[in-house]
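Just so it is clear, the structure is predicted and the values come from calculations on it, not from any experiment. Letters go in sequence order (proteins before strands), and every chain restarts at 1.
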Amino acid sequence: MNTLKIALVGQPNVGKSSLLNALVGPRVTVSNYPGTTVELTKAEKKFNGVEINFIDTPGIYSISDQSKEEKITEKVLFEEDLDGVVVVVDALSLERGLYIVLQILEARLPTILAVNFTEEARDKGIEVNYQKLRETLGIPVIPINPIRKNGISELLKVISKVDTYSTTPFSVQYDDHIEQGINQVSSKVDTTKLPKRFIALRTLEEDKDFYSYLEDEKILDKVKENLKEHPTLNNDIAITRYGTASFLAGEVTNISPVDKTISWEDKVDSFLLHQTWGPVITLLILFGVFSVLLVLGNFTQGLLTQLGDRLLDPLSGMTSSLTTILVSRGLTGLIAGVAIALPYVFLFYLLLGFLEDIGVLSRFIVNADRFLRKLGLPGKSFIPIALGLGCTAPASRATRVLATKEEQFYASSIFAFVPCSSRIAIIMGIVGFYGNSVLALSVFVTMLAAGLVWAFGMKKLFYLESEPLLLELPPYRRPLISNIFAKSWNRMKEFVYLVMPLLALGGIVYGILDWTDLANTIVKPLTPITGWLGLPNKTIIPLVFGFLQKDLTGSMLVSVLGSKISLSLSAIQLYAFGVASTIGIPCIIAFGVLVREIGGKRTTLLTVSTITYGFLIAGILLRIARLF
Amino acid sequence: MKDKSESLKIVNEDILRILGEQGGKCSLECISSKLNQPSSFEKAIKKLTNQELLRLQGDIAKLSEKGKATAGLICEKHNVIENYWIKKALADEEEAHQAAHLLEHHVSEKVIDNIRTISKIQRQGTLLSEFTGKEGMITNIVLEGGMFERLISMGFSPGEKLEIVEKLSNSIVITIKNKKLAIDREIANKIRVLEGVQFYG
């Protein structure tokens, strides 16, 4: 069977993922591009005897090498041996989409243009003349509506015949001097894989990924030196291209004036993006999300724990052989995992995906940016930090939305102070249960304060400057439920395949240590730590092994101190235990994910420093509290 | 076919412009020496004579009243473009003249009007971060490299209309090309916006 490799390209929010959904259904695979953390979605479709393999690239604003997403898209477009490219554009801002189209046409890739949101454009008085656009660009142009499945089979038909088209597509004409420069560079291009003119343009625009195609990079300096009329050559190339896109868009669209009434969307935005109400509403909605999670989570967690107890019940009667301990500990860990994963993580992802798809999340980012920037964090770090309130492991993974490794590292350090559901359980279930709610609240406040001090310290110490906010706020849209589920499941998969086994493993390791009595051997050498924290020596076991299994911290504490914890620990000691066990990179699972995201050395540095910081704070505050 | 009639139109306009520049009267030799592409020169002269835009007296061509008016328009177009190029692209006079030669044939009256407006408002306007109006036109972006292209590809181009949605303490929310964007004040500091410009199309 004939197979075709087709890439989907487009700016963010043009409906690329809904198009993929409409083309192939929700059966997609998400994978990291080799050696990076940027995700690519792949899916295949059989149509008219042709097997079409789709590669969905991350949304980008232009072909460039500035961001991770752009670099990956360049790799897919120019190194993957594609049969064709489908560029998805938004009829509401055709010139912006055409900008990418013109760039791709410069590379002479077989291109098909899919125009989305045509109905929305019509509502705003914008009518696109597709026939004229087709003729001008010299490529197939197809209006689509992925939600109503309009134009999809037509698009598939065109895609399946992409290798039979032979047209000379439109090409941007730059001014004489630039054209001369392009010709000069072209003569020094050493490849037949891509058009020489394209390589010349990319390199003149300082796209370093294409320098290797040049015989000699010095030609660029030479050409630029001669181009005195264009002191900022790449700006002039970009502006000519946009000008051409804008001109083309103007030629093929008919704009009739429509009554300009203030839409409901603008009304919603006047609240959601209000200087004071915006942050308040953001916090309220987040609070609402967590209330829902807490109620639903407690309910399912209760059910699952009961189920787990019944499963483990037959094991408890047996003699405590190594195997039974390992099995029961492993199962306990796994059940704890399911008990968190199902209610908190999956539900949380579902709610977050919903907020994302209706368009609210981007407004939250704008509101959060005001506060996060004060800490040297970009607004985009709002999503991983919010995720951190569920489980630190997937939240660590979500830091990949950040632009640089430095930002990713810094944002990850913040997780030390964002209590995940397991740490919330320690604070509520141990400090709150055996002490009182004021004590539990003061642990939360301490975490927050310690986090702020940490963040300001890091910002001052390393002169952190976060990337300035430049964010598109998509219109509010009715979400596609299947899309949200698919997205949540894709995020969830990582948790299931990586976190769950680690949870079981953590339980088993603790089981071995417990059975061999190795756990107790660390008590003595580490007495200075418990001494500093003003805690009984044996509490080092839950503190240290909590790292393997945060959810077992409570039961470990009970097993070393006996069930009458309130008799063994004073209120101040409970508080110190709460602070010491919750500040820091929480567990081996988060550690494992972080190693994949920011590397082993940095993760170790982060874990050791944040945990030490937590212990220091706990000890200092304990001493201060004792003064009163 | 289209190409041929297009190039004929260009030669026609060039002849009219040259005659205009020479005060309405010039020898055929003189005209053809000043032409960029003298290929269809004779045909063009014939056509212009048929349209009663010029009269031939021996080998001297003379503009009619109708021809003078048309030539005037073309000359003005040429000047507007030339000035625009000198100012906007910082080209030298010769280059600007050449650019004007090329563009005058393709550019519509509407564009000429727009250029007039743009030329007047160049380097005018206030920084977006200090802009107090409701809507305005982007006149200038003082950024280089990656960030410039990012803004351009998001629709932030000189000449585009922009609408203020909300001004927050650290960012500004705007609408450009039917899209809402939140933009940091740091970036807004590099964008100039002019209020109260007539928008064409």
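- Interface residue A/Gln103: only side-chain heavy atoms are found under 4.5 Å from chain B.
- Using a 4.0 Å cut-off between charged nitrogen and carboxylate oxygen, A/Glu472 and B/Lys180 do not count as a salt-bridge pair.
- No donor-acceptor pair closer than 3.5 Å links the side chain of B/Glu149 to the backbone N or O of A/Ser62.
- Using modelled atom types, one side-chain atom of A/Gln11 and one backbone atom of B/Ser153 make a donor-acceptor pair closer than 3.5 Å.
- Heavy-atom distances place the side chain of A/Gln66, and not its backbone, under 4.5 Å from chain B.
- Residue A/Glu70 touches chain B through its side chain alone, counting heavy-atom pairs closer than 4.5 Å.
- For the pair B/Arg150/A/Ser67, a side-chain contact is recorded, criterion being any heavy-atom separation below 4.5 Å from C-beta on.
- Options A/Asp369, A/Ile126, A/Ile100, A/Asn367 differ in how many heavy-atom pairs under 4.5 Å they form with chain B, and the most are formed by A/Asp369.
- Using a 4.5 Å cut-off between heavy atoms, A/Ser362 does not touch chain B at all.
- For the pair A/Leu473 and B/Val173, the minimum side-chain heavy-atom distance is below 4.5 Å.
- Using modelled atom types, one side-chain atom of B/Asn178 and one backbone atom of A/Leu92 make a donor-acceptor pair closer than 3.5 Å.
- For a residue to count as touching a neighbouring chain, one of its non-hydrogen atoms must lie under 4.5 Å from one of that chain's; by this rule A/Asp266 touches chain B with backbone and side chain alike.
- Checked options A/Tyr242, A/Tyr99, A/Tyr61; the residue passing with B/Met154 is A/Tyr61 (criterion: side-chain contact (heavy atoms from CB on, under 4.5 Å)).
- Checking side-chain atoms of B/Asp184 against main-chain N and O of A/Leu469 turns up a donor-acceptor pair under 3.5 Å.
- Both the backbone and the side chain of A/Arg96 come within contact range of chain B, each with at least one heavy atom under 4.5 Å from a heavy atom of that chain.
- Within the 4.5 angstrom heavy-atom criterion, only backbone atoms of A/Ile63 (N, CA, C, O) approach chain B.
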